[in-house]
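Just below is one structure, and these are the notes that go with it.
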Amino acid sequence: MNYWLMKSEPDEASILDLQRAGTLPWTGVRNYQARNFMRDDMQLGDGVLFYHSSCPEPGIAGLAEVCSAAYPDATQFDPESPYFDPKSKPEVPRWLHVDVRWRETTRLLSLKAMREAPELAGMQVLQRGSRLSITPVTPAEWQAVLKRLHAA
DNA sequence: GCCAACGTTGGC
DNA sequence: GCCAACGTTGGC
C-alpha cells in the first residue's frame with residue numbers, strides 16, 4: 001500500500017468534479033517520471049491526496065484512491081486533444097494512466113499551511129523546484145495530512 | 001504577467 | 001554524449 005499526491009488544475013478536474021463523477025481517468029500525464037509511478041509503483045487502493053494546482057488557492061482539497069491498473073491514455077492518439085502526441089504509436093503507447101476514485105472532499109489544506117507544518121517539511125511536492133504532477137507520500141506524511149484535514 | 005526551476009529536443 | 005535553446009510548470 002502506497003500513498004501519493006496528485007496535482008490537478010481545478011479548471012480541468014476539481015475534487016468536486018471527481019465527487020460527481022465517482023471515478024475519473026487520470027489522463028494527460030506527459031512526464032516520464034509521473035508515468036512510471038503510475039505504471040510501476042501504484043497499486044489498487046493506494047491513497048491519493050488530491051491537490052489543486054495553478055489556481056487562486058493551491059492545496060490539498062480531498063482524498064481519493066487508485067482504482068485501476070495503468071492502461072494506455074487514449075488522448076495521446078486524438079489529434080483534437082491538447083494531449084495529442086504525434087510521436088506515440090498505438091502499437092507502442094507511450095503514455096499510460098490509472099483511474100482514480102473519489103473518497104472524500106475535505107476542507108482545503110492550503111499550500112501555505114502545508115509549508116508551515118513541520119511534519120510535512122520533507123514532502124516531495126514542497127521541495128524547491130518540484131514540478132512533478134505525481135509524487136510519493138510517506139505513511140507519516142499521509143497521517144499528518146489526514147490529522148490536519150480532519151482537525152477543527 | 002513574471003520568472004525560477006526543471007525537462008526535452010536536437011545539432012554537433 | 002554534451003549542452004544550448006526552448007518549452008512547461010506553477011506559485012506569486
Side-chain angles (χ1 to χ4, degrees), chain A residues 2-21 23-42 46-66 68 70-100 102-138 140-142 144-149 151:
Chain A
N2 295 311
Y3 298 104
W4 307 93
L5 181 142
M6 297 174 79
K7 293 182 190 171
S8 180
E9 302 188 12
D11 284 351
E12 279 202 47
S14 71
I15 187 71
L16 290 176
D17 293 327
L18 182 61
Q19 179 169 3
R20 277 189 287 268
T23 73
L24 285 175
W26 207 266
T27 54
V29 171
R30 296 293 180 267
N31 170 283
Y32 290 104
Q33 242 184 302
R35 179 204 66 181
N36 293 349
F37 281 141
M38 291 196 283
R39 186 188 63 188
D40 304 332
D41 300 316
M42 280 191 181
D46 277 3
V48 173
L49 303 174
F50 193 107
Y51 180 94
H52 285 172
S53 69
S54 295
C55 59
E57 290 189 294
I60 295 166
L63 305 178
E65 67 184 41
V66 174
S68 83
Y71 62 100
D73 182 338
T75 63
Q76 70 195 302
F77 305 122
D78 176 5
E80 302 301 308
S81 168
Y83 301 115
F84 179 59
D85 182 352
K87 287 188 264 186
S88 184
K89 299 278 181 302
E91 314 84 72
V92 195
R94 179 176 301 188
W95 304 113
L96 307 171
H97 66 82
V98 298
D99 293 345
V100 166
W102 178 82
R103 255 194 216 168
E104 187 179 339
T105 298
T106 63
R107 72 185 186 86
L108 185 81
L109 183 63
S110 69
L111 176 59
K112 182 166 178 291
M114 292 169 70
R115 290 200 187 283
E116 286 168 355
E119 329 87 82
L120 303 183
M123 281 189 83
Q124 196 169 316
V125 73
L126 300 182
Q127 302 315 301
R128 179 183 176 80
S130 170
R131 295 188 315 177
L132 258 189
S133 64
I134 300 175
T135 50
V137 171
T138 68
E141 290 161 354
W142 173 268
V145 168
L146 288 210
K147 192 175 136 212
R148 285 179 181 269
L149 280 176

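Below, each value reflects all heavy atoms present in this structure, side chains not excepted, and no hydrogens, waters or symmetry copies. Note that the structure is a prediction, hence the values are computed from the model and not measured.
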Options [options], nucleotide nearest the side-chain atoms of [X]:
| X | options | result |
| --- | --- | --- |
| Gln33(A) | dG11(C), dT8(B), dG7(B) | dG7(B) |
| Arg131(A) | dG11(C), dG7(C), dT8(B) | dG7(C) |
| Arg115(A) | dG10(C), dC12(C), dG7(B) | dC12(C) |

Rounded to whole angstroms, how far apart are [atom1] on [X] and [atom2] on [N]?
| X | N | atom1 | atom2 | value |
| --- | --- | --- | --- | --- |
| His52(A) | dT9(C) | NE2 | P | 18 Å |
| Tyr83(A) | dT9(C) | OH | C1' | 12 Å |
| Leu132(A) | dG7(B) | CG | C1' | 10 Å |
| Trp95(A) | dG7(B) | CH2 | P | 13 Å |
| Lys7(A) | dG11(C) | NZ | P | 6 Å |
| Ile60(A) | dG10(C) | CD1 | C1' | 16 Å |
| Arg94(A) | dT9(B) | CZ | C1' | 12 Å |
| Ile134(A) | dG7(B) | CD1 | P | 15 Å |

Q) Parallel, tilted or perpendicular: which describes the rings of Tyr3(A) and Trp142(A), with under 30° parallel and over 60° perpendicular? A) parallel
Q | Donor-acceptor contact below 3.5 Å, side chain Asp73(A) vs main chain Gly28(A) | A |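 Yes, because the side chain of Asp73(A) sits within donor-acceptor range (under 3.5 Å) of the backbone of Gly28(A).
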Q.
Is it the case that the side chains of Asp78(A) and Thr75(A) hold a donor-acceptor pair, with the cut-off being a distance below 3.5 Å and no angle test?
A.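 Distance-only check fails for Thr75(A) and Asp78(A).
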Q: Scan side-chain atoms only and decide if Ser53(A) and Glu9(A) contain a donor-acceptor pair under the 3.5 Å cut-off.
A: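 Absent: no donor and acceptor within the cut-off.
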Q.
By the 4.0 Å heavy-atom rule, please label Lys87(A) as base, sugar-phosphate, or nothing.
A.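 The answer is sugar-phosphate, as Lys87(A) gets under 4.0 Å only of primed atoms, P, OP1 or OP2.
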